[in-house]
Trainee: 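One structure, as C-alpha cells, below. Some questions next.
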Amino acid sequence: MSCPALSALALKPQLRLLNALRANAKPIMTFLGLPSFRTAQVVAQTGVDAIIIDCEHGYISDDSMHASAAAIASLGVSPLVRLRMTHSDLVKRALDAGAHGIVVPQINTAEEARAIVSHAKFPPQGTRGQGSAFPALTQGIDLPTYLQTANDTLLTCLQIETKAGVENVDDICAVPGVDMVFIGPNDLALSVLGYVPAKGDEPEFVQAVQKIVAAARRHGKWVGRLSNDGVSSKEHLEVFDTVAMSYDVRALQNWYMAELRIARS
C-alpha cells in the first residue's frame with residue numbers, strides 16, 4: 001500500500017484527509033463548484049472526508065475560496081483547493097486560505113511537478129512565502145506550529161489527464177514532495193480517445209489508467225480519481241486510495257431530475 005514520504009509527525013485530528021490516507025481508510029471527497037460558504041457547510045455535514053473547492057471549473061472567487069475553506073475546516077473536514085493554473089501566486093493564495101492541500105490540473109512533466117512542489121513548500125524545501133495568519137487560524141493552531149508542520153502535512157496532488165502526463169507519469173511520481181496523483185477521467189478520455197464520456201472499457205483508456213496507478217504504487221504515492229456516484233465510488237475504492245464522488249452542482253441537478261420524474265410519472 002502506498003505511503004508517501006511525509007514525516008511521522010503526530011497529526012492534529014483536523015487534518016482528516018491526511019489522517020485517513022495514512023490509515024488506509026479509503027476517504028471519500030467531493031467537489032464544490034458553487035461560491036457559497038453555506039453550501040460548503042451543508043456538504044461538509046454529509047460525512048465526506050474532504051471537499052475540493054474547484055477554482056478551475058467551479059464558480060469560485062478568491063473571497064469564496066477563503067470563506068469556504070474556513071467553513072469546511074471548522075466542521076472537521078479537509079478543504080482542498082483545485083487551482084485554475086500552476087502559477088505560484090495561485091498556490092500561495094490557496095494555501096494561505098487554509099487549504100489542507102492543493103489539486104493541480106494538467107500536469108504533463110516532472111519539471112512542472114517540481115515547480116508546484118517548490119511553490120507549495122516553505123524554505124528550505126521550497127520557495128513559498130509567509131505572511132498570512134489565516135492558514136493557522138483555519139487549522140486551529142498557532143502560526144509557529146503551522147510554519148513548523150506545513151511542509152509535512154499539506155497535500156500536493158497533481159492531476160494526470162493528458163497523453164503527455166500519462167507518458168511522463170513515472171517521472172512525475174518520482175518527484176519528491178508529490179503526495180498524490182489524481183485522474184480526471186473526462187479530460188483523460190478527451191486526450192487519449194478524443195471524446196467524452198468514456199465508456200470506461202476502451203483499451204487505450206484502461207491502459208492509461210493502469211499506467212498511472214502503477215506509477216503511483218511504484219513511487220509510494222497515493223492515487224485517486226473522480227467517481228460519478230456511490231456505486232462507481234465503491235468499485236473504484238477497490239483500486240484507488242481515495243475518490244472524489246461527484247460535484248455539488250451535479251448532486252442538485254440529479255436530485256431534482258429524479259424527484260421530478262417521480263412527481264410527473
Trainee: Do D152 and T149 meet the criterion of a side-chain donor-acceptor pair at a distance under 3.5 Å?
Mentor: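 Not at all, the side chains of D152 and T149 share no donor-acceptor pair under 3.5 Å.
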Trainee: Check H100 against A73 and note the closest heavy-atom contact, atom names and distance.
Mentor: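 What the structure gives for the nearest pair is NE2-CB, 4.4 Å.
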Trainee: Can you tell me if CZ on F205 sees more than 12 non-hydrogen neighbours from other groups inside 6.0 Å?
Mentor: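 Counting other residues, nucleotides and ligands, CZ of F205 exceeds 12 neighbours.
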Trainee: At what distance, to the nearest 0.5 angstrom, does OH of Y247 lie from CG of L32?
Mentor: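 Taking OH in Y247 and CG in L32, the distance rounds to 7.5 Å.
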Trainee: Using a 3.5 Å distance criterion without hydrogens, assess whether the side chain of N151 forms a donor-acceptor pair with backbone atoms of F122.
Mentor: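 A pair under 3.5 Å: yes.
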Trainee: Using the rule given for side-chain contact (heavy atoms from CB on, under 4.5 Å), can you reason through E161 versus L190, listing the C-alpha separation, both sets of side-chain angles and the distance that settles it, and then say yes or no?
Mentor: CA-CA 9 Å; E161 50 189 349; L190 272 175; over 6 Å; no
Trainee: Got R22 and W222 here, is their nearest side-chain heavy-atom distance under 4.5 Å?
Mentor: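 In short, these two side chains touch, coming nearer than 4.5 Å.
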Trainee: Just do the side-chain contact (heavy atoms from CB on, under 4.5 Å) check on S88 and V91 with the steps written out, would you?
Mentor: CA-CA 5 Å; S88 61; V91 176; 5.6 Å; no
Trainee: Is it possible for you to say whether F134 and L75 belong to one hydrophobic cluster, with membership spreading through side-chain heavy-atom contacts below 4.5 Å?
Mentor: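 Each belongs to a different hydrophobic cluster.
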Trainee: Is a donor on one side and an acceptor on the other found under 3.5 Å between the side chain of R16 and the backbone of V48?
Mentor: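 Answer holds: yes.
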Trainee: For a salt bridge (charged side-chain N to carboxylate O under 4.0 Å, His left out) check, start with the C-alpha distance between R128 and D96, then their side-chain angles and the critical distance, and finish with the verdict.
Mentor: CA-CA 10 Å; R128 180 185 172 191; D96 279 358; 3.0 Å; yes
Trainee: Do other residues, nucleotides or ligands put more than 12 heavy atoms under 6.0 Å from R84 CZ?
Mentor: no
Trainee: Just wondering, are more than 12 heavy atoms of other shown residues or ligands nearer than 6.0 Å to NE2 in H57?
Mentor: yes
Trainee: Linking I/L/V/M/F/W/Y whenever their side-chain heavy atoms sit closer than 4.5 Å, directly or via other members, would L143 and I141 fall into one cluster?
Mentor: yes
Trainee: Looking at residues at least two apart in the chain, or sitting in another chain, which of them share a side-chain hydrogen bond (donor to acceptor under 3.5 Å, both in side chains) with E202?
Mentor: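 With sequence neighbours excluded, E202 shows a side-chain hydrogen bond (donor to acceptor under 3.5 Å, both in side chains) to Y195, given in chain and number order.
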Trainee: Would you say the side-chain atoms of S118 pair up with the backbone N or O of A115, donor to acceptor, closer than 3.5 Å?
Mentor: no
Trainee: For V178, is there any backbone N or O sitting under 3.5 Å from a side-chain donor or acceptor partner on K221?
Mentor: yes
Trainee: Counting distance only, does the side-chain N/O of N168 pair as donor-acceptor with the main-chain N or O of N108 below 3.5 Å?
Mentor: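 Present.
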Trainee: Do side-chain atoms of K26 reach the backbone of F240 as a donor and acceptor pair under 3.5 angstrom?
Mentor: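 Between the backbone of F240 and the side chain of K26 there is a qualifying donor-acceptor contact (under 3.5 Å).
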Trainee: Following the transitive rule for hydrophobic clusters with a side-chain heavy-atom cut-off under 4.5 Å over Ile, Leu, Val, Met, Phe, Trp and Tyr, establish whether L193 and L188 coincide in one cluster.
Mentor: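 Linked within one cluster.
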Trainee: What closest approach, in Å, do A99 and L154 show between heavy atoms, and which atom pair accounts for it?
Mentor: O-CD2, 3.6 Å
Trainee: Are Q139 and L15 side-chain neighbours, meaning at least one heavy-atom pair lies under 4.5 Å?
Mentor: yes
Trainee: Only one of V209, I160, V239, D241 clears side chain to side chain contact (heavy atoms under 4.5 Å, CB included) with V223; which?
Mentor: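 Single pass found, and it is D241.
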Trainee: Taking side chain as C-beta onward, heavy atoms only, is I53 less than 4.5 Å from P79?
Mentor: yes
Trainee: Hey, could you give me the CD/CD1 distance between Q45 and I72, rounded to the nearest 0.5 Å?
Mentor: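 Reported value, rounded in 0.5 Å steps: 12.0 Å.
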Trainee: What is the minimum heavy-atom distance between V181 and A216, and which atoms define it?
Mentor: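 So the minimum-distance heavy-atom pair works out to CG2-CB, 3.8 Å.
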Trainee: Please say which of V166, T162, N186 ends up in a side chain to side chain contact (heavy atoms under 4.5 Å, CB included) with S191.
Mentor: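 Of V166, T162, N186, side chain to side chain contact (heavy atoms under 4.5 Å, CB included) with S191 is met by T162 alone.
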Trainee: State the CD1-CD1 distance between I60 and I52, to the nearest 0.5 angstrom.
Mentor: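 Answer rounded to 0.5 Å: 12.5 Å.
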Trainee: Mind checking whether F31 and F182 have parallel, tilted or perpendicular rings, split at 30° and 60°?
Mentor: perpendicular
Trainee: Please find the pair of heavy atoms, one from R82 and one from P105, that lie closest to each other, and give the distance.
Mentor: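 In terms of heavy atoms, the two residues are closest at CG-CD, 4.3 Å.
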Trainee: Quick one: does any side-chain atom of T30 pair with a main-chain N or O of S246 as donor and acceptor, under 3.5 Å?
Mentor: yes
Trainee: Nearest 0.5 angstrom please: I102 CD1 to L155 CG, how far?
Mentor: 9.5 Å
Trainee: Pairing donors with acceptors under 3.5 angstrom, does anything connect the side chains of Q253 and R250?
Mentor: no
Trainee: Could you pull out the closest heavy-atom pair between A97 and A69, with the gap in Å?
Mentor: O-CB, 3.7 Å
Trainee: Can a donor-acceptor pair be found, under 3.5 Å and without considering hydrogens, that links the side chain of Q159 to the backbone of Q106?
Mentor: no
Trainee: Working to the nearest 0.5 angstrom, can you tell me the gap between M257 CE and L252 CG?
Mentor: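 Those atoms lie 10.5 Å apart.
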Trainee: Check the hydrophobic clustering (I, L, V, M, F, W, Y; side-chain heavy atoms under 4.5 Å; chains of links allowed) and say if M29 and L34 are grouped together.
Mentor: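 Yes: a chain of side-chain contacts under 4.5 Å links M29 to L34.
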Trainee: Is the backbone N or O of L17 less than 3.5 Å from a side-chain atom of D49, with the two atoms forming a donor-acceptor pair by type?
Mentor: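 Checked: no pair found.
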Trainee: Could you work out the complete set of other residues in the hydrophobic cluster of L237, with links drawn between I, L, V, M, F, W and Y side chains under 4.5 Å apart?
Mentor: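 Besides L237, the cluster holds I28, V243, M245.
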Trainee: Would you say that L83 contacts R93 through its side chain, given a criterion of any heavy-atom pair below 4.5 Å between the two side chains?
Mentor: no
Trainee: What pair of heavy atoms forms the shortest contact from L226 to P185, and how long is it?
Mentor: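 So the minimum-distance heavy-atom pair works out to CB-CD, 3.7 Å.
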